[in-house]
Amino acid sequence: AVALPSYQAQIAKGRRSDAIAALTRVQMAQEQFRSHHGSYALALGALRGAGATSPDGHYEVALVGAHAGGFIARALPRDAALRDSGCGELTVTVSDGVAVFGPSMRCWNR
């Protein structure tokens, strides 16, 4: 009974790495797009190497609030049961070349 919460926290952390990988791909693809077009892409479909689902399929990925000078990429668990405390939605917000990771760095395993 004592080990179960620790085990569940490790599972959640492992699954978050799937979201982190997806958002990192979006960020890299956005920077590549910007280097070729002078602005960020407004839709995931315009990005090479970034998809609407995380690599392991645990998260849905979307661009929200995208504009020429920045974007917000969001990863939400596909299964509500996978949402872990305080880290249910992971985001990367880029504005003027500066990235902010949300909701906190604890969620980004750094």
Side-chain angles (χ1 to χ4, degrees):
V2 174
L4 185 60
S6 178
Y7 174 75
Q8 289 173 328
Q10 285 302 107
I11 295 294
K13 185 177 179 179
R15 292 216 170 126
R16 276 196 312 267
S17 68
D18 187 37
I20 291 166
L23 291 175
T24 300
R25 286 181 182 181
V26 170
Q27 185 180 8
M28 290 172 44
Q30 279 284 37
E31 294 303 335
Q32 184 178 29
F33 186 93
R34 189 179 87 155
S35 72
H36 287 98
H37 302 283
S39 65
Y40 291 108
L42 303 178
L44 275 178
L47 300 174
R48 184 177 286 178
T53 305
S54 62
D56 291 337
H58 297 299
Y59 288 81
E60 294 290 331
V61 179
L63 280 179
V64 293
H67 53 86
F71 65 92
I72 300 171
R74 175 181 67 199
L76 287 172
R78 296 181 85 186
D79 182 356
L82 296 178
R83 293 187 181 169
D84 58 306
S85 179
C87 299
E89 174 182 314
L90 273 70
T91 61
V92 60
T93 303
V94 175
S95 181
D96 297 325
V98 177
V100 177
F101 304 97
S104 73
M105 290 307 290
R106 179 188 69 79
C107 298
W108 281 75
N109 302 329
R110 293 183 178 175

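Heavy atoms only, all atoms of each residue included: Leu63 and Ala41 are closest at CD1-O, 3.9 Å. Contact detail for Cys107 and Gly86: the closest heavy-atom pair is SG-O, 3.5 Å. Among all heavy-atom pairs drawn from Val61 and Gly51, the shortest one is CB-O, 3.6 Å. Residues Pro103 and Cys87 come closest through the heavy atom pair CG-CA, 4.3 Å.
The CG atom of Leu90 sits 6.5 Å away from atom CG of Leu23, with the distance rounded to the nearest 0.5 Å. Separating the CD atom in Gln30 from the OG atom in Ser35 is a distance of 11.0 Å, to the nearest 0.5 Å. Taking OH of Tyr59 as the start and CZ of Arg74 as the end, the distance is 13.5 Å to the nearest 0.5 Å. Note: Ser39 OG to Phe71 CZ = 12.0 Å, rounded to the nearest 0.5 Å.
Applying the under-4.5 Å side-chain rule to Ile, Leu, Val, Met, Phe, Trp and Tyr, the cluster around Ile72 extends to Val64.
Under the salt bridge (Lys or Arg N to Asp or Glu O under 4.0 Å) criterion, the residue pairs touching residues 46-68 are Glu60-Arg78, with sequence neighbours excluded. Among pairs with a residue in residues 16-26, those fulfilling salt bridge (Lys or Arg N to Asp or Glu O under 4.0 Å) read Arg16-Asp84, at least two apart in sequence or across chains. Applying the salt bridge (Lys or Arg N to Asp or Glu O under 4.0 Å) test to pairs two or more places apart or on separate chains, none has a residue in residues 64-73.
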>> One pair to check against side-chain contact (heavy atoms from CB on, under 4.5 Å): Phe101 and Gln27. What are the steps and the verdict?
In response: CA-CA 11 Å; Phe101 304 97; Gln27 185 180 8; 4.0 Å; yes

> What do the steps show when you test Val26 against Val92 for side-chain contact (heavy atoms from CB on, under 4.5 Å), and what is the final call?
Replying inline: CA-CA 9 Å; Val26 170; Val92 60; 5.7 Å; no

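Qualifying side chain to side chain contact (heavy atoms under 4.5 Å, CB included) partners for Arg34, counting only residues two or more places apart in sequence or in other chains: Glu31, Tyr40. The side-chain hydrogen bond (donor to acceptor under 3.5 Å, both in side chains) search around Gln32 returns none, not counting sequence neighbours.
A distance-only check finds a donor-acceptor pair linking the side chain of Ser54 to the backbone of His58 [under 3.5 Å].
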